[in-house]
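Everything below concerns the one structure shown next.
Along the sequence shown, residues are numbered consecutively beginning with 1.
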Amino acid sequence: MRRVLASSASTPVRRDLLAACAELTHLLAQMTDDAGHPGLAQRYFHTALGLAGKAGHRTLYAITLRAMSTQALRRHHHAYAAELAEGAVRTAGTNAGHAVMAFLLSQRAVTRSHRGDQRLALKDLTDAETRHGQATSPSGPFTGYPRAGLDYQRAQALLHLGRHADAVVALQDCLRHRPPAHRRSHALTQARLAEMLLASGHVEQACVHWNLFLDHYPHIRSHHMDQAFAGLRSALRPHKRQRRVAGLWERAAELPGPHAAA
């Protein structure tokens, strides 16, 4: 990458090269985070921001801020996550495409739900739905926004606003829209839905979805999958004497523990 950036090129070509390098670094950051190295991933995200800034690519800069917000929220840095999400929407401005704006607004909705701001969180969700419905851009990590992704964010926001039943419906919508080939995302959604159902007292339904998660778990190396597996065992422990749970508990016990890169 250093050789590419050091090469001589016209200004438009150089901007395209910088933007391409920013995209690659952004993807590297996401992969590094999912390998269980959040600190290193954060460094890569900051590098991606610098490259996007040099390229003058506001949309890419905003998308990276949004990714950093997601990471911060996962690590329970709620105020920082909200700041990043707000910055992402502000940076994108009025020129970003509908899919990108739906992507950014949905994350701001989640951060606002964490601080209990129901009115603004629901407004962001509504605006994200509207923008998504108007989107015509091609699919891709920096151009499109899958319907399943918006459903998942809607579920997260509704859950933190205390609307558990609506959150469950949103996750069920997410699974319906999620392509089976997206095995990691599909499995993590199954685990999240199982957690919500168990919290609502629906133990048998939760077991159904946790079994579906376990179908995928041994075949995917992912820190986030490992965290979901650990969450499964922790959540089920108080219920493991129940007949339906006992079978699931035994199945989980036969699987190897966390297997993502250390």
Side-chain angles (χ1 to χ4, degrees), residues 27 29-38 41 67 70-71 73-76 106-107 110 114 141 145-160 163-262:
L27 294 174
Q30 291 185 311
M31 293 172 64
T32 303
D33 186 59
D34 196 36
H37 305 291
T70 300
Q71 186 199 40
L73 202 58
R74 192 182 300 120
R75 299 180 72 187
H76 309 293
S106 69
Q107 176 61 16
V110 174
H114 271 268
Y145 188 29
R147 177 70 223 189
L150 180 55
D151 291 332
Y152 190 88
Q153 291 292 94
R154 180 160 52 94
Q156 294 294 94
L158 292 172
L159 176 66
H160 289 288
R163 297 171 55 170
H164 293 261
D166 292 335
V168 167
V169 171
L171 274 191
Q172 291 169 337
D173 289 343
C174 175
L175 286 171
R176 189 171 64 253
H177 291 127
R178 185 82 73 188
H182 295 179
R183 295 175 63 186
R184 174 184 166 281
S185 297
H186 185 81
L188 289 172
T189 305
Q190 295 285 4
R192 189 68 173 131
L193 180 55
E195 290 174 2
M196 289 187 188
L197 289 168
L198 184 63
S200 301
H202 303 293
V203 179
E204 289 203 5
Q205 291 181 48
C207 287
V208 170
H209 291 283
W210 258 317
N211 266 307
L212 291 170
F213 166 77
L214 291 180
D215 288 344
H216 296 280
Y217 177 69
H219 311 291
I220 302 173
R221 289 187 175 272
S222 160
H223 180 64
H224 299 148
M225 289 283 288
D226 288 339
Q227 288 180 316
F229 180 74
L232 175 156
R233 293 179 61 84
S234 176
L236 289 180
R237 187 170 285 109
H239 308 276
K240 65 181 182 180
R241 295 187 183 278
Q242 296 184 33
R243 183 180 60 83
R244 183 64 182 271
V245 176
L248 177 60
W249 182 264
E250 290 177 6
R251 183 186 179 192
E254 292 172 357
L255 294 174
H259 51 257

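- Taking every heavy atom of both residues into account, Ala228 and Leu188 meet most closely at CB-CD2, 4.1 Å.
- Here Gln153 pairs with Gln107 under the side-chain hydrogen bond (donor to acceptor under 3.5 Å, both in side chains) rule; sequence neighbours left out.
- Across Thr32 and Ala41, no two heavy atoms sit closer than the pair CG2-N, 3.7 Å.
- The minimum heavy-atom distance linking Ser185 with Thr189 is given by the pair O-OG1, 2.8 Å.
- In this structure, the side chains of Gln156 and Leu73 stay at 4.5 Å or more apart for every pair of heavy atoms.
- Interatomic distance, NE2 of His177 versus CG of Asp151, reported as 5.5 Å (0.5 Å rounding).
- Counting only residues at least two apart or on different chains, the salt bridge (Lys or Arg N to Asp or Glu O under 4.0 Å) pairs with a member in residues 172-184 are Asp34-Arg184, Arg154-Asp173, Asp173-Arg176.
- In this structure, Leu232 CG and Trp249 CH2 are separated by 8.0 Å, a value rounded to the nearest 0.5 Å.
- Heavy atoms only, all atoms of each residue included: Ala187 and Phe213 are closest at O-CD1, 3.3 Å.
- When the side-chain hydrogen bond (donor to acceptor under 3.5 Å, both in side chains) test is applied to Arg241, no partner is found at least two apart in sequence or on another chain.
- Rounding to the nearest 0.5 angstrom, the gap separating the CD atom in Gln71 from the CD atom in Gln30 is 10.0 Å.
- Using a 3.5 Å distance cut-off with no hydrogens or angles, the side chains of Ser106 and Tyr145 do pair a donor with an acceptor.
- Scored by the salt bridge (charged side-chain N to carboxylate O under 4.0 Å, His left out) test, Arg75 finds no partners at all (sequence neighbours excluded).
- Taking the six-membered ring where tryptophan is involved, the planes of Tyr217 and Phe229 are essentially parallel, since the angle between them stays under 30° and well short of 60°.
- Side-chain contact between Leu214 and Leu248: present, with at least one pair of heavy atoms (C-beta onward) separated by less than 4.5 Å.
- Taking the ring pair (Phe, Tyr, Trp, His ring centres under 6.0 Å) definition, one finds that His224 meets it with nothing, sequence neighbours left out.
- Arg163 is linked by a side-chain hydrogen bond (donor to acceptor under 3.5 Å, both in side chains) to Asp166, counting only residues two or more places apart in sequence or in another chain.
- Of all non-hydrogen atoms in Cys174 and Tyr152, the two that sit nearest each other are SG-CB, 4.0 Å.
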Please list, one pair per line, the donor and acceptor atoms closer than 3.5 Å that link side chains of residues 194-210 to other protein atoms, with sequence neighbours excluded.
from	atom 1	to	atom 2	distance (Å)
Glu195	OE1	Arg192	NH1	2.8
Ser200	OG	Met196	O	3.1
His209	ND1	Gln190	OE1	2.7

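- Listed by chain and residue number, nothing satisfies the side-chain hydrogen bond (donor to acceptor under 3.5 Å, both in side chains) test with Arg233 (two or more places apart in sequence, or in another chain).
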